[in-house]
Each structure stands twice: as C-alpha cells, then as structure tokens.
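Lettering follows sequence order; numbering is per chain, from 1.
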Number of protein chains: 2
Amino acid sequence: MDLQQLFQKEGKQLIKKKHEHVFMQGDHDYCFYFVQSGLLKGYYTLETGKEFIKSFVQSQDIIGSLSAVYLEKASTFSLRCLEETTLLEIPYAVLARYGKQYHCIANDIIDLLLKFALKKEQREFEFLCLSAQERYALLLNSSPQLLARVTQNDIAAYLGVTPVGLSRIKQRLTHQVTLT
Amino acid sequence: MDLQQLFQKEGKQLIKKKHEHVFMQGDHDYCFYFVQSGLLKGYYTLETGKEFIKSFVQSQDIIGSLSAVYLEKASTFSLRCLEETTLLEIPYAVLARYGKQYHCIANDIIDLLLKFALKKEQREFEFLCLSAQERYALLLNSSPQLLARVTQNDIAAYLGVTPVGLSRIKQRLTHQVTLT
DNA sequence: CATTAATTTTAACTCGGGTTAATGTAAATT
DNA sequence: AATTTACATTAACCCGAGTTAAAATTAATG
C-alpha cells in the first residue's frame with residue numbers, strides 16, 4: 001500500500017466551492033488533504049491586512065499545516081479554493097498510525113517531506129538571490145498553465161510584490177523582449 | 001538507538017579549520033554531517049560572483065545537501081567553516097539502511113525533515129512578508145549570540161542585502177529606538 | 001443589455017536598497 | 001611598530017518597488 005491508496009481508503013471526500021476555505025489561519029486543523037481536482041492558495045494574512053501567498057496547491061498535491069498538525073499549534077496560514085475543488089481529508093493521527101505499522105508508508109512520508117523541503121528550499125533561494133523580475137520570469141517559464149488560471153493580484157501576492165509592481169515588471173519584460 | 005547515537009557509532013570524525021570547506025557547490029557529496037562543535041555557513045554563489053547565505057550551521061545541527069544526497073545531483077550550495085569545526089560524517093546510504101531496519105531511526109529522520117521543513121517555511125515567510133529591516137530585527141531578537149560570532153558581511157548575505165544596506169538598517173533601528 | 005463590481009494598467013511621488021567610492025577602524029602579517 | 005588586508009560606516013546618485021489615485025479594461029450580475 002502506498003500513501004495515495006491510503007488516502008483513497010481512509011480519506012473523507014470534501015467538495016468545496018470557489019472561495020470556500022479548507023481551514024483558516026489560527027485554526028487547529030489536524031488533517032492532511034489530497035487534492036483530487038481544482039486549485040487552492042495557501043496564504044498568510046498580516047495584522048496590517050496584507051495578504052501573501054505561500055503556495056498554490058494543485059491536483060495531486062498533498063497539503064496540510066505542518067505547524068498545526070505536527071506542533072499542534074494554530075495554523076500559520078489559511079487555505080482557500082480558487083476554483084471548485086475536491087479533496088480527500090485524513091487526520092494526521094491516522095497517517096502516523098499507518099506509518100508506524102507499514103514501512104512503505106513511512107517511506108512515502110519521508111519522500112513527501114523531502115519533496116516539500118526541496119520545494120521550500122528552492123523558494124528560499126529565489127527570494128534570497130533573485131529580484132522580483134527574475135522570480136516572475138522563472139515562474140512564467142516553469143508554470144505558464146498555472147499563471148493562466150490565477151489573477152494578477154494573486155501572482156503578485158505569491159511573488160511578494162504589489163499588483164502595481166507586477167504590472168510594471170510585465171511591461172519591462174515585454175519591452176526588453178521586443179527589443180531583441 | 002536514535003539518530004545521534006547512530007552518528008556516534010558509524011560517523012567518521014572530521015576536524016576542519018576556519019575557512020575550510022566541507023563540500024562545494026557543484027560537488028556530488030552523498031553525506032550528512034552532525035556538528036559536534038564550531039560554526040559553518042551554507043551559501044550560494046551566483047554566476048555574477050555574488051554570495052548569499054542559506055543558513056548558519058551550529059553545534060548539534062545536522063546538515064547535508066538534499067539535492068546532492070537525495071536527488072543524486074550536484075550540490076546547489078557550498079558549506080564552509082566560519083570557525084574551527086568538528087563534524088561526524090555519515091553516508092546517506094548508511095542512514096537509509098538503518099532507517100529501513102529500525103523504526104525509531106525512520107521516525108528520527110521524519111522528525112529531522114519536519115524540523116527542516118518548518119525552518120525553511122519560516123524563512124520563506126520572512127522573505128515573502130517582511131522587509132529587510134523587519135528580518136534583521138527578528139534575527140537580532142532570536143539569535144543575538146549567533147550575530148556576535150558572525151561578520152556584518154555574512155549577516156547581510158544571510159538577510160539578502162548588501163553590507164551597505166545592512167549598515168543603514170542598523171542606523172535606522174538605533175535612531176528609532178533612541179527616539180522612544 | 002446595462003450597470004456594477006473586480007481586475008489591470010498608468011502616472012506622480014516617495015522611499016528603501018543597490019552601486020560606487022571615500023573614509024574610518026580593526027586584524028593580521030611581516 | 002608599520003604596513004597590508006579585511007571589515008564597517010558614510011555619502012552621492014540611481015533605480016526598483018510601494019503608495020495613492022485615476023483611467024481603462026474585463027467579468028459578473030440584475
């Protein structure tokens with residue numbers, strides 16, 4: 001048995017409409033979610049009211065709040081649907097139980113965590129070493145189909161700039177391109 | 001047996017002088033390292049020659065290049081001693097073998113990866129949502145003793161600003177503080 | 001279809017941070 | 001002690017991005 005089969009077997013199916021939340025920043029959510037279809041955003045809300053997007057979550061992804069699930073603290077971010085989305089929900093306790101019993105599940109969890117860690121490391125690299133314009137160019141290259149499904153506001157919030165800033169970046173890029 | 005005991009038992013001790021490298025960006029290093037004493041920096045070198053510090057690595061930390069070890073690719077960063085440092089070196093293959101055999105080791109690996117993922121997630125948050133000044137203020141609060149061991153240049157490279165920029169941030173902060 | 005609401009672009013102004021270079025200060029080496 | 005080398009601060013100038021506000025475009029809804 002692998003992790004995905006475990007979700008199929010033990011997961012509870014949730015169907016969420018566009019704009020609905022799976023959980024909110026501050027919640028003590030103790031579940032992981034496998035995305036069967038749809039699109040979501042994980043985002044931070046600051047005291048100032050500003051919103052920043054941690055990640056877009058797509059079909060076949062597994063998502064959960066590590067700080068809520070593992071540290072048993074309040075979730076540091078909210079998870080909200082950008083499109084109608086179907087998920088399979090599984091409590092962490094169930095996952096942990098299977099992990100202890102089946103080595104292959106434990107290995108899948110290690111695998112999942114490693115991929116997650118690598119993804120976060122890559123994003124850290126981009127923020128640490130690259131300009132907003134370079135980050136946008138990378139995103140455009142790696143995920144054009146994702147960008148098409150998402151508003152400019154959300155892309156900006158993902159890059160860590162304002163919508164106005166992103167608009168200027170796009171303008172600069174297209175001018176440069178047509179120059180060459 | 002736990003992970004630290006495994007390092008004691010199977011690890012090979014390395015003693016490195018200040019400025020020596022453990023591995024370099026581009027190397028195919030296949031090991032994890034437990035830091036017994038000393039201080040290191042993991043850093044990216046860009047084609048432009050600019051350096052950015054991914055993380056400082058302190059006593060009791062475990063470090064390795066995930067992309068080198070797990071993806072079997074070239075390491076994306078270099079690891080270099082800021083002080084004389086002693087390490088215990090263990091090949092990933094050995095770790096994986098013990099992980100398969102002993103559940104407690106597998107659990108420790110999951111634990112290690114989770115903590116690493118949480119750390120990277122926190123740093124992602126800081127870059128995504130906070131200004132350089134806010135990041136510096138946080139660092140000053142959370143790790144004053146670390147800052148005392150590290151040069152301004154390295155703190156700047158860790159925050160993602162230039163030494164000149166950091167100097168201005170410090171000036172701004174002390175002026176603000178003395179105003180209140 | 002028309003109106004309202006949401007999204008995107010453009011402009012004017014401000015500010016943080018990069019760049020370069022000069023100055024000051026501390027360490028290291030001979 | 002003297003000189004070189006590394007590290008830190010300061011100043012002048014420039015540019016990218018934030019802010020606010022207005023205009024333009026697109027989408028949603030009665």
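Spacing between atom CZ of A/Phe52 and atom P of D/dG18 amounts to 8 Å, rounded to whole angstrom units. To the nearest angstrom, P of D/dA27 lies 16 Å from CG of A/Asp154. Between A/Gln133 atom CD and D/dG18 atom C1' the separation is 17 Å, expressed in whole Å. Atom pair A/Glu134:CD and C/dG18:C1' shows a separation of 13 Å (rounding to whole Å applied). Summarising the geometry, the separation between CD1 on A/Ile155 and C1' on C/dT7 is reported as 12 Å, rounded to the nearest angstrom. We find that OH of B/Tyr136 is positioned 13 Å from P of C/dG17, with the value rounded to whole Å. The distance between atom CG of B/Leu159 and atom P of D/dA8, rounded to the nearest whole Å, is 13 Å. Rounded to a whole Å, the CG atom of B/Asn153 is 13 Å from the C1' atom of D/dT5.
Salt bridge A/Arg135/A/Glu126: absent, no basic N to carboxylate O contact under 4.0 Å.
Taking the six-membered ring wherever Trp is involved, the centroid distance between the rings of A/Phe52 and A/Tyr43 does not fall below 6.0 Å. Ring-centre distance between B/Phe23 and B/Phe77: below the 6.0 Å cut-off. The six-membered or imidazole ring of B/Tyr70 lies away from that of B/Tyr92, with a centre-to-centre distance of 6.0 Å or more.
Across all strands, A/Ser167 comes closer than 4.0 Å to base atoms (heavy-atom distances).
At C/dA27, none of the side-chain N or O atoms of B/Lys18 fall inside 4.0 Å of OP1 or OP2 (strictly under the cut-off). Between D/dT10 and B/Gln171, a contact under 4.0 Å exists linking OP1 or OP2 to a side-chain N or O. Proximity of A/Thr162 to the phosphate of D/dG18: a side-chain N or O atom is located under 4.0 Å from OP1 or OP2. Applying the 4.0 Å criterion to OP1 and OP2 of C/dG17, one finds that B/Lys170 has every side-chain N and O outside that range.
Between C/dA11, D/dA17, C/dG17, one nucleotide has an atom nearer to the side chain of A/Ile169 than all others, and that is D/dA17. In the set D/dT9, C/dT9, D/dT10, C/dT9 carries the atom at the smallest distance from any side-chain atom of A/Gln152. Residue A/Arg168 places its side chain closer to D/dA17 than to any other of D/dA8, D/dA17, D/dT10.
Just one of A/Lys119, A/Lys54, A/Arg123 meets the salt bridge (charged side-chain N to carboxylate O under 4.0 Å, His left out) condition when paired with B/Glu121; it is A/Lys54.
The base of C/dG17 does not come close enough to the side chain of B/Arg172 for any donor and acceptor atom to sit less than 3.5 Å apart.
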